[in-house]
Asker: 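Before I ask anything, here is the structure I am working with.
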Amino acid sequence: MENQLELVAKSYDRHFIEYGKKDAPGYDNLPDSITNDPDYSLYKAELETGSGGSECSSIKDYLLPRTNMNFIDLGCCLNFMFKGYDEWPSTYYGVDISKETIQVLNEFVDKKSLVIGDLYHGSIHETPYEDNYFDIGACIGVLEYFEKGFVEKAIMEAHRILKPNGKLVLDIPNIKSPTGRIMMLIEEYLGRPDKFNLLPEEFESMLQNYFEIERTTRVDNESENMGFGYYLRCKK
């Protein structure tokens, strides 16, 4: 697990050192072995339509951020800069394993003279926050990098720091999907291989001890989408 955390951190650090303050590590100039894959066009089309995941608008509609709320963004990348979280009335807290990511976010906060809660450089499975501290949270594009053991630790940590009935939105990759396979090839090429190894049924069984699933984008034909979003309420 520690080695995988280090790989993910180094990959994102390298991106922000080389390419600067971009929304996410760029997927340009991919090798022919990926772009010539028969499923690559399906992958591109799914990205354009935004199907199967958790979009920013639907996250906000579910979480309903308010001024008296603390919001935790687990594996935050540069969401605060590019996903509209800086305009939410809730107080923002971000956690990320990439030191460069946290540095870029701190520079953004200072430049804009924004008021936030905290930016923490570390892993989502061990955060410094008190029990029952957050009202709402998100964990998007993160769990795909880890196997079952780490995923459950991350779920348990999110459960610990969220208040009773607190809301959480997260997503997982679809390991049955051809477009999910392309995503995994790309992530491996970028130096942070996807390790997620849970079928949706297994993941949902894991969730049931900690969260109530209020809504999901999981579809009947599980080969269609590269990932699924889950809209959860904390059970305590």
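Numbers for residues simply follow the sequence, beginning at 1.
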Asker: For the CD1 atom of Ile72 and the CG atom of Asp118, what is their distance to the nearest 0.5 Å?
Answerer: 8.0 Å
Asker: So among Tyr133, Tyr120, Phe71, which one has a ring pair (Phe, Tyr, Trp, His ring centres under 6.0 Å) with Tyr93?
Answerer: Tyr133
Asker: Would one find more than 12 heavy atoms of other residues, nucleotides or ligands at under 6.0 Å from atom NZ of Lys236?
Answerer: yes
Asker: Look at atom CD of Glu188 and say whether more than 12 heavy atoms of other residues, nucleotides or ligands are closer to it than 6.0 Å.
Answerer: no
Asker: Evaluate Asn68 against Asp135 for side-chain contact (heavy atoms from CB on, under 4.5 Å), listing each step before the verdict.
Answerer: CA-CA 9 Å; Asn68 61 340; Asp135 302 274; over 6 Å; no
Asker: Out of Phe203, Tyr210, Tyr62, which one pairs with Tyr230 under the ring pair (Phe, Tyr, Trp, His ring centres under 6.0 Å) rule?
Answerer: Phe203
Asker: Are the side chain of His121 and the backbone N or O of Val95 linked by a donor-acceptor pair below 3.5 Å?
Answerer: no
Asker: Any side-chain to backbone donor/acceptor pair from Arg192 onto Leu7? Under 3.5 Å, distance only.
Answerer: no
Asker: Are Ile186 and Tyr43 side-chain neighbours, meaning at least one heavy-atom pair lies under 4.5 Å?
Answerer: yes
Asker: For Thr179, is there any backbone N or O sitting under 3.5 Å from a side-chain donor or acceptor partner on Glu46?
Answerer: no
Asker: For Leu162 and Gly137, which heavy atoms make the closest approach, and how far apart are they?
Answerer: CD2-N, 4.3 Å
Asker: Going by the rule side chain to side chain donor-acceptor pair (under 3.5 Å), which residues pair with Thr91 if we only count those two or more places apart in sequence or in a different chain?
Answerer: none
Asker: Would you call the rings of Phe150 and His125 parallel, tilted or perpendicular, taking 30° and 60° as the class edges?
Answerer: tilted
Asker: Does Lys235 NZ have over 12 foreign heavy atoms under 6.0 Å away?
Answerer: yes
Asker: Hey, what do you get for CE (Met206) to CE (Met156), rounding to the nearest 0.5 Å?
Answerer: 10.5 Å
Asker: side-chain contact (heavy atoms from CB on, under 4.5 Å) with Leu198: which of Val151, Leu143, Ile175?
Answerer: Val151
Asker: State, to 0.1 Å, how close Glu202 and Asn197 come at their nearest heavy-atom pair, and which atoms those are.
Answerer: OE1-O, 4.1 Å
Asker: Are Tyr85 and Phe80 close enough that their ring centres sit under 6.0 Å apart?
Answerer: no
Asker: Working note: Met184 + Met226, criterion side-chain contact (heavy atoms from CB on, under 4.5 Å); need CA distance, chi angles, decisive distance, verdict.
Answerer: CA-CA 10 Å; Met184 290 180 177; Met226 74 177 74; over 6 Å; no
